[in-house]
Amino acid sequence: MSGGGCNIVWFRRDLRVEDNPALAAGVRAGAVIALYVWAPEEEGHYQPGRVSRWWLKQSLSQLDSSLRSLGTTLITKRSTDSVSSLLQVVKSVGATQLFFNHLYDPLSLVRDHRTKEILTAHGVTVHSFNADLLYEPWEVLDDVGQPFTTFAGFWSKCLSMPYDPDSPLLPPKRIISGDVSLCPSDPLVFEDESEKGSNALLARAWSPGWKSADKALTTFINGPLIEYAKNRRKADSATTSFLSPHLHFGEVSVRKVFHLVRLKQVLWNNEGNQAGEESVNLFLKSIGLREYSRYISFNHPYSHEKPLLGHLKFFPWVIDEDYFKAWRQGRTGYPLVDAGMRELWATGWLHDRIRVVVSSFFVKILQLPWRWGMKYFWDTLLDADLESDALGWQYISGTLPDGRELDRMDNPQFEGYKFDPNGEFVRRWLPELARLPTEWIHHPWNAPPSVLQAAGVELGSNYPIPIVGIDAAKARLQEALAQMWQHEAASRAVIENGTEEGLGDSSDSSPIAFPQDMEEDRTALRNNPTTTTIRRYEDQMVPSMTTSLVRVESEETSSDLRVERGRAEVPINLNMDEEPRADIVNQVNNLQHFNIAMALRDAEDSTADSSSSTISRRERDGGVVPVWSPPASSYSEQYVGEENSFLQRHPQSHQVMNWTQRLSQTG
DNA sequence: CAATCCTTATA
DNA sequence: ATAAGGATT
């Protein structure tokens, strides 16, 4: 087939052939070149982390084999600028049309707009589609045509739209391939040597790709779904859908999920099965939250950087990298928090409830800047998703109109008994506490010395004393909030008096920089752009000793226990018992090195001085990506309203809402 | 039946 | 924290 008049289908986070509107349209239009462009530098701070890249690699390879069975292959390009890569491919294959599916994160909104402009200017017809949502953000409006500002309103509107979400499309029967020889693929590198060991562990628990996505969906709908309402609150239950990473990469379409769940609901309804109703509603609600995260991102395209409710910008964050490190490494002294953070570290996964616990602890008890926590989630979660995570952290930080109040402090001890009443979750991830009776498992600092001794727990030695006491945290939070409101009022007064802005605002004119060890080494990257980003960010590595291994020893038990617990400890079924565990046995023997290694790492890390350099470096690098530069306009509104200037500077192709006025009425 | 206590959920 | 709903008296 000659390249003339062929169509490019640009895959991004829609790595599937089923229910893929862009692919379907491309196939209908004629010969297809299926393209994936890997340009992580475009994502700025939010380049995919180790586990995301691990996932992506396999998902792409499965997409490629699907495409091959349909008649073409996936062309991959390594790039630092998607749009110019697209142009190159257009030229080399002589394409006349481009098809892609919408994304709603701030960078994609801008990049896709630019793509449309530039390619159109080059005579290419660009078609874009909704493949990620039940309804496009601009379709879901209230009675007066404004976007909703609370989830409840948004979601009930979604559920009562006058038309159903589009039905899932079947995969194409056959794809007429464009001339792929005109456009050779670049090899894409998604992991470096240092990451291989950590990544090897992931494969025991997860299998990326649309096939597993479909399987996970069916398994969930036919199994755990009916009990979802009951079970979703248990910290370590394997009763959630485990669909989030699949959904993030678009391996299964949310519309398919929605339709199948709805079918089940109808079925249960006809059987008079009431139990299923609540479960279905709750599960669909979690799908709805994902929708809402896109909705928020579209309507507030700065929400990953800036709080939606402006007052939070006056919050006096505690800039303490030792706190931050203790949180990341699960050494805060609060067992539920620590267990969660160790699970995240070792597996890239965390139950939804525990995400709330650890992030709330982060913001309210440690009072670290929420963006640090969000960035860590982004770097370490298998289902890292900018829109969802931004929504989650803003919810926790009290900057959504309907989020939690910031002054409502959650107590990890009580939450522990709520979500992990028998302490099983804590014992699994904190083997050093394994022998502590349930009575004390969530507050070892209160346990009598004799109990601690019997359990082999030495507070301050093999398990930390709480790094911040609850009472102290409460006091500090009250103080911080008072200060925040005071500054907020002062700033508003300044504006109302018509005084020139700028007073007292200077410190907030740019977000608090990430600690330096969180930043990519861009120099290395620029010198060698074909490799993945080099990071000095060690938390992306599984600790040489994973907690599961510690457990094996501490419980001095045989392999069958390991197998049985291993099932629960990793989210998805796999046959751990078939694995020869020589590697693990080896590491178990090195158990004692675990804490030492950590201590050494701490010592090394403390030499790195974080802070100031980050921002200027970012500014210098601003040419490639539309870098977020916070506008210098006033703070007169309770809701941060400056994204209008963002939109003016970075226009979007999708319809843009004038929601600002609407928002300021709500607060 | 109303008042009160208790549980639960909270995007 | 608090509001709603359920259970209890």
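In the text below, chain A, chain B and the rest are named by the order of the sequence lines, each starting its count at 1.
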- A:Tyr163/A:Tyr135 aromatic ring centres below 6.0 Å: yes
- Query: Between atom CD in A:Glu278 and atom C1' in B:dA9, what is the gap in whole Å?
  - Reply: 10 Å
- Just checking A:Gly392: base, sugar-phosphate only, or nothing, at a heavy-atom cut-off of under 4.0 Å? base
- Separation of B:dA9 atom P from A:Glu415 atom CD, nearest Å, is 14 Å
- Query: How many Å lie between CZ on A:Arg232 and P on B:dT8, as a whole number?
  - Reply: 12 Å
- Message: Looking at B:dA9, I'd like to know if its phosphate oxygens (OP1 or OP2) sit under 4.0 Å from a side-chain N or O belonging to A:Arg233.
- Response: yes
- Message: What is the separation between atom CG on A:Asn281 and atom P on B:dA9, rounded to the nearest whole Å?
- Response: 14 Å
- Query: Only one of A:Glu251, A:His246, A:His248 forms a side chain to side chain donor-acceptor pair (under 3.5 Å) with A:Trp55, so which one is it?
  - Reply: A:Glu251
- For B:dT10, does either OP1 or OP2 sit under 4.0 Å from a side-chain N or O belonging to A:Lys285? yes
- Touch class at under 4.0 angstrom, heavy-atom based, for A:Asp410 against every strand present: nothing
- Would you kindly give the CG-to-C1' distance between A:Asp402 and C:dT2, to the nearest whole Å? 15 Å
- Lys/Arg N to Asp/Glu carboxylate O, A:Asp379 vs A:Lys375, below 4.0 Å: yes
- Item | OP1 or OP2 of B:dT10 under 4.0 Å from side-chain N/O of A:Arg353 | yes
- Task: Starting from C1' on B:dT10, measure out to CG on A:Asp352 and report it in whole angstrom.
- Result: 12 Å
- Query: So, A:Tyr395 and B:dA11: ring centres less than 5.5 Å apart, planes less than 30° off, yes or no?
  - Reply: yes
- Note on the structure: A:Glu405 CD to B:dT10 P, in whole Å, measures 16 Å
- Task: Fit a plane to each ring of A:Phe154 and A:Phe151, take the angle between them on a 0 to 90° scale, and name the class: parallel (under 30°), tilted (30 to 60°) or perpendicular (over 60°).
- Result: tilted
- Query: Could you state the CZ-P distance from A:Phe414 to B:dT7, rounded to the nearest angstrom?
  - Reply: 15 Å
- Are A:Trp349 and A:Phe242 close enough that their ring centres sit under 6.0 Å apart? yes
